[in-house]
2 protein chains.
Amino acid sequence: MDDASFPTAGAADATSQTERVIASLREMVLRGDFRPGERLAELTLVPRLGASRTPVRLALDRLAHEGLLEPLPSGGFRIREFAIADIWDAIEVRGVLEGTAARLAAERLTDADDLSRLQQCCRDIERLDSSNAADVARYVEIHDRFQEELGRLAKSDILVRTIESVVGLTFAVSVSSVLGDAESSERSQTALIALEYHRAIVDAIEHRQGTRAEDLAREYSRMARRNLVRAAQDKERFRHVPGASLIRMPAGHSSR
Amino acid sequence: MDDASFPTAGAADATSQTERVIASLREMVLRGDFRPGERLAELTLVPRLGASRTPVRLALDRLAHEGLLEPLPSGGFRIREFAIADIWDAIEVRGVLEGTAARLAAERLTDADDLSRLQQCCRDIERLDSSNAADVARYVEIHDRFQEELGRLAKSDILVRTIESVVGLTFAVSVSSVLGDAESSERSQTALIALEYHRAIVDAIEHRQGTRAEDLAREYSRMARRNLVRAAQDKERFRHVPGASLIRMPAGHSSR
DNA sequence: GCGGGGCGCATTGTATACAATCCAGGCGTC
DNA sequence: GACGCCTGGATTGTATACAATGCGCCCCGC
């Protein structure tokens with residue numbers, strides 16, 4: 001699951017031109033190389049991406065389906081603009097779906113041994129030093145592993161696919177802002193709570209408490225969601241989050 | 001080569017070639033013109049769809065994203081095969097998401113007048129004659145209107161988009177099998193219950209009972225889901241449901 | 001001066017030609 | 001006889017040429 005969580009320079013070693021162009025273009029959009037609402041002309045992208053129109057067109061189509069671009073009625077695409085509320089909703093939907101994964105995992109658990117990977121994730125989080133800034137990235141990786149394993153235990157390919165289609169629109173703020181943008185003292189508190197949530201979810205699945213697992217996973221995502229608002233306050237820092245440039249900053253909009 | 005067999009029955013009036021090809025190909029896949037697992041070669045589709053490789057390729061990419069096809073590691077695509085469990089899960093996910101729409105509609109309701117369209121849907125259902133087979137199609141239309149309005153009241157573009165991405169994989173069995181495949185007497189009972197669900201959901205939204213609205217919408221989708229299994233028993237009738245040919249039937253009529 | 005129509009450019013949509021890659025079959029050798 | 005390499009065909013991936021369509025600007029007429 002290498003879903004664009006970070007502006008990884010993984011765009012270089014793609015097998016096909018198309019894949020490379022898709023990754024590059026996505027990176028450019030998330031980095032803010034274009035203004036929201038700006039129309040993307042194929043021919044202007046051809047020299048910047050180093051490929052012909054065919055892969056570029058394919059990439060545009062792909063990103064439009066991901067939701068980063070929106071098709072124009074007269075043809076072509078433009079950069080989509082998001083309100084903070086859109087990201088808020090994306091995280092909510094993601095939480096709902098991950099909650100469903102947790103519930104199905106509980107309902108469909110057959111062998112307690114299947115929980116070993118989740119438990120390993122908990123131990124891995126435990127070992128992290130929350131005062132160490134470098135461990136934040138490691139936490140993100142562990143969290144992704146946890147969610148991925150949750151999807152596997154849910155035993156529903158369609159659910160996993162649906163989750164993936166939403167994750168791209170959360171702009172990685174959900175995970176990175178859980179720990180990344182807090183003060184060191186607050187960060188260690190948040191880390192503790194996050195660990196507790198992970199443990200509780202595993203416990204709920206183990207005892208086949210589907211509703212409890214679902215609610216926990218939902219509420220966990222809302223922790224990230226609340227942090228989004230706070231992270232958005234610190235505009236200087238927020239600029240570095242991938243995709244932040246696509247978000248229209250309201251002047252005085254409080255929560256909805 | 002019989003030109004008369006063009007699949008342009010319902011996809012005749014498309015603006016662009018690509019749209020027409022996408023619609024035609026989707027229709028062909030759902031109708032069962034290909035066997036599950038069969039590889040789709042672009043060049044074999046070109047004469048059948050009456051367009052060059054470019055739109056055909058675009059259409060293949062699109063259907064793959066919709067989940068009807070799956071990409072092969074060596075390139076190209078093949079018809080995806082579904083288990084009954086996959087459809088079951090798709091309806092579950094759809095129910096979860098529509099439940100979320102109902103909950104958000106309740107949480108975000110500002111003006112009671114916004115419920116007028118939902119109430120109109122209830123009245124429309126009320127007027128239907130459940131013994132009239134033609135009214136079944138009308139019920140499906142009203143149900144779609146209801147869900148569409150629910151999405152509008154949820155005020156979340158991302159949620160609506162996510163729902164749309166799943167609806168395609170429910171193969172219309174969720175709605176049509178609610179009423180379509182039952183005996184007349186049973187059908188009128190089911191119609192009554194469906195009406196009650198719609199009313200209850202509106203009532204819950206009106207009183208801002210988010211959780212109740214969510215649970216009701218979920219359980220309503222499960223009614224359709226249960227009927228799916230029963231509908232699948234009647235294999236003769238089930239063959240006519242679009243997409244049924246993509247579903248791998250379990251050997252015999254064993255399962256419960 | 002203002003409005004409408006037409007012309008031209010820019011851009012997307014479509015078709016096709018070319019390149020690379022994968023798979024299968026056969027032949028040769030060990 | 002079996003294994004492995006090599007070659008040929010088929011198929012996808014990529015580039016580019018061509019067509020069509022929409023958009024804006026300018027000019028002409030009122």
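On a predicted model such as this, the values are computed, not experimentally measured, just so you know. Per chain, numbering begins at 1; letters A, B, ... match sequence-line order.
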Exercise. Partners of B/Arg161 by salt bridge (charged side-chain N to carboxylate O under 4.0 Å, His left out), sequence neighbours excluded?
Worked result: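 Checked B/Arg161 against salt bridge (charged side-chain N to carboxylate O under 4.0 Å, His left out); zero matches.
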For this session: Nearest whole angstrom, please: distance from the C1' of C/dT11 to the CG of A/Leu40.
Result: 13 Å
Exercise. Does the distance from a Lys or Arg side-chain N to an Asp or Glu carboxylate O, for B/Asp114 and B/Lys155, drop under 4.0 Å?
Worked result: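 Not counted as a salt bridge, because no side-chain N and carboxylate O are separated by less than 4.0 Å.
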Exercise. Are B/Glu149 and B/Arg145 ion-paired here, with the side-chain N under 4.0 Å from a carboxylate O?
Worked result: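 Judged by the 4.0 Å cut-off on N to carboxylate O distance, B/Glu149 and B/Arg145 do not form a salt bridge.
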Exercise. So does A/Arg31 have more than 12 non-hydrogen atoms from other groups sitting under 6.0 Å from CZ?
Worked result: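 It does: A/Arg31 CZ has more than 12 such atoms within range.
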Problem set entry | Atom CZ of B/Arg117 with >12 non-hydrogen neighbours under 6.0 angstrom | no
For this session: Give, ordered by number, those residues of residues 53-67 of chain A having at least one heavy-atom distance below 4.0 Å to an atom of DNA chain C; if nothing qualifies, reply none.
Result: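 A/Arg53, A/Arg57, in order of number.
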Exercise. Does B/Ala51 or B/Arg39 map to a spot on DNA chain C nearer the 5' end, using the closest nucleotide for each?
Worked result: B/Ala51
Problem set entry | Check: A/Phe171 and A/Ile91 side chains under 4.5 Å, non-hydrogen atoms | no
Anything under 3.5 Å between a donor and an acceptor, one on a side chain of residues 71-84 of chain A, the other on a protein residue two or more places apart or in another chain? List them.
residue: A/Arg78; atom: NE; partner: A/Glu70; partner atom: OE2; Å: 2.9
residue: A/Arg78; atom: NH2; partner: A/Glu70; partner atom: OE2; Å: 3.1
residue: A/Arg80; atom: NH1; partner: A/Gly67; partner atom: O; Å: 3.2
residue: A/Arg80; atom: NH2; partner: B/Asp157; partner atom: OD2; Å: 2.6
residue: A/Glu81; atom: OE1; partner: A/Arg248; partner atom: NH1; Å: 3.0

Exercise. Do the side chain of A/Arg62 and the main chain of A/Glu19 share a donor and acceptor less than 3.5 angstrom apart?
Worked result: no
Exercise. Within the distance-only criterion (no hydrogens, no angle test), does the side chain of A/Thr100 pair as donor or acceptor with the backbone N or O of A/Val96 below 3.5 angstrom?
Worked result: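 Checking the backbone N and O of A/Val96 against the side chain of A/Thr100, a donor-acceptor pair under 3.5 Å is found.
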For this session: Any pair with a residue in residues 34-56 of chain A that passes ring-ring contact (aromatic ring centres under 6.0 Å, His included), sequence neighbours left out, goes on the list, sorted by first then second residue, please.
Result: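 Sorted result for residues 34-56 of chain A: empty, none.
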Seminar exercise, completed: First and last nt of DNA chain D near chain A, cut-off under 4.0 Å to heavy atoms, 5' to 3', are D/dT14 to D/dC23
Exercise. Which of residues 72-79 of chain B sit near DNA chain D, with a heavy atom under 4.0 Å from it?
Worked result: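 By residue number: B/Gly75, B/Gly76.
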